[in-house]
Novice: 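To start, I am sharing the structure in question, which I have written as structure tokens.
Order of the sequence lines fixes the chain letters, A, B, ..., with proteins taken first and strands second; residue numbering starts at 1 for each chain.
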2 protein chains.
Amino acid sequence: MRAVYVARKGAFKTISVSEEGEEQVIGFHLPGELIGLDALGSGAHRCEAVALNTSNVCEVPFDELSQVAAQIPGLQQQLMRVIGQSVSRDQQHMELLSRRQANERIALFLHGFGERLRHGGQSGTDFRLPMSREDVAHFLGLAFETVSRGFTRLQDEGLIEVDGRRIRLLDVERLDQVAHGVVATRTTAVASLGH
Amino acid sequence: MRAVYVARKGAFKTISVSEEGEEQVIGFHLPGELIGLDALGSGAHRCEAVALNTSNVCEVPFDELSQVAAQIPGLQQQLMRVIGQSVSRDQQHMELLSRRQANERIALFLHGFGERLRHGGQSGTDFRLPMSREDVAHFLGLAFETVSRGFTRLQDEGLIEVDGRRIRLLDVERLDQVAHGVVATRTTAVASLGH
DNA sequence: CGCCTGTTTGAACTAGATCAAGTGGCGTGG
DNA sequence: CCACGCCACTTGATCTAGTTCAAACAGGCG
């Protein structure tokens, strides 16, 4: 597979399956985003992409890519920029995986996902997740039960509204605070102290 | 900072400092390896590099890079390959951070570090770590105490020999097994059952 | 209607974090 | 040359966030 793909419609996850058969979710991809950069190195994709719903992509073979890129100077830089962004995103995700705790990860994920949808012209606060709790968990490095609990907790606090995969962000600002560890999110304790 | 750097001698860590002042170690860099790709995207480096001992680097300004790259077709592809490798490495690290447990991370780290040294012409089984336990911990997403305990445990099992930062890999094969979760590494329990 | 898959929720367990000493090397200054 | 303090490291004890196991529930579909 010597090509890169651009998501056109729908949503994708890229996963890498370990020898034990467990799948790790590398990332999610919305329309306009790039898939398959990992193959630049070895020539082989080390992870596979899976459509999460009816979707379509645009395939860009490597050789065409680099040929065209060499001729059009703008594209060359554009490509570098996209790659750089991807690297940045990965590094941010690594930071999430190694430092943040469950609540923060979940809040960060919801907020970020909303932003990306908004960037694509959809509502950033009222949307439907295209992936399962398990996928989210595998992406955030958590057990899916933890993700589920996280969602309900955020709902109990009034920060979001959850109905299965339908999500509504009610208080983006506070959500952001949770995401950055400003708020403790010990709801149960705090709430019971409250009265 | 619109440049990329190639490590020539010594060793480096790249870190990103969070708003709370905690530093996350993004990666370590040995001679011949590339530093600073993250800036390709935004034009600004989101993390800083720190020399771990007396070292030196070779600076490659961006504009020169892309100009030269555009002229020499080989370099262009070469660059892509390096970038791809970097992306791959990051993804592997993400997998480590989200799925592997402490022992596996540590074994994987030691093994991998040895490999990289060997690749650079040094001994892959007898070396001196250029970084502190804390740096290793921040890289692996663990507490430094956990790293220290991991080292001693591996030593107790006879897989490695530790003397401060001096490391000797005694049984690379078993180390590799630990790294891939084949062995439970519940030494204490097993050992006491043994007699 | 019953099955299947995804989700929520509860209860128990544990890996690893955190807190807290204790150790040893090493440079500085007396 | 030794005393001191500093730093990186080890080791022990406790605590907890998150995993794991288990059960119940809801919606969709044959």
Novice: Are the side chains of B:Leu110 and B:Ile167 in contact, using a 4.5 Å heavy-atom criterion?
Specialist: yes
Novice: Could you check A:Arg165 against A:Arg149 and say which one's nearest nucleotide on DNA chain C is further toward the 5' end?
Specialist: A:Arg165
Novice: B:Gly150 near the nucleic acid: base, sugar-phosphate alone, or nothing, with a heavy-atom cut-off under 4.0 Å?
Specialist: nothing
Novice: At under 4.0 Å between heavy atoms, what does A:Thr146 touch on the DNA or RNA strands: base, sugar-phosphate, or nothing?
Specialist: base
Novice: Give the rounded distance in Å between these two atoms: CZ of A:Arg166 and C1' of D:dG27.
Specialist: 16 Å
Novice: Looking only at N and O atoms, is any donor in the side chain of A:Glu145 or the base of D:dC21 less than 3.5 Å from an acceptor on the other one?
Specialist: yes
Novice: Counting only side-chain nitrogens and oxygens, does B:Thr152 get under 4.0 Å of the OP1 or OP2 atom of D:dT11?
Specialist: yes
Novice: Does the side chain of A:Ser55 pick up a donor-acceptor pair with the side chain of A:Asn53 at under 3.5 Å?
Specialist: yes
Novice: Using a 4.0 Å heavy-atom cut-off across all strands, classify A:Phe151 as base, sugar-phosphate, or nothing.
Specialist: nothing
Novice: Calculate the interatomic distance between B:Asn103 atom CG and C:dA17 atom P; express it in whole Å.
Specialist: 11 Å
Novice: Show every side chain to side chain donor-acceptor pair (under 3.5 Å) that has at least one partner inside residues 158-168 of chain B, sequence neighbours left out.
Specialist: none
Novice: If you define the side chain from C-beta out and look only at heavy atoms, does anything of B:Phe139 sit under 4.5 Å from B:His93?
Specialist: yes
Novice: How long is the line joining CZ of B:Arg133 and P of D:dA8, in whole Å?
Specialist: 12 Å
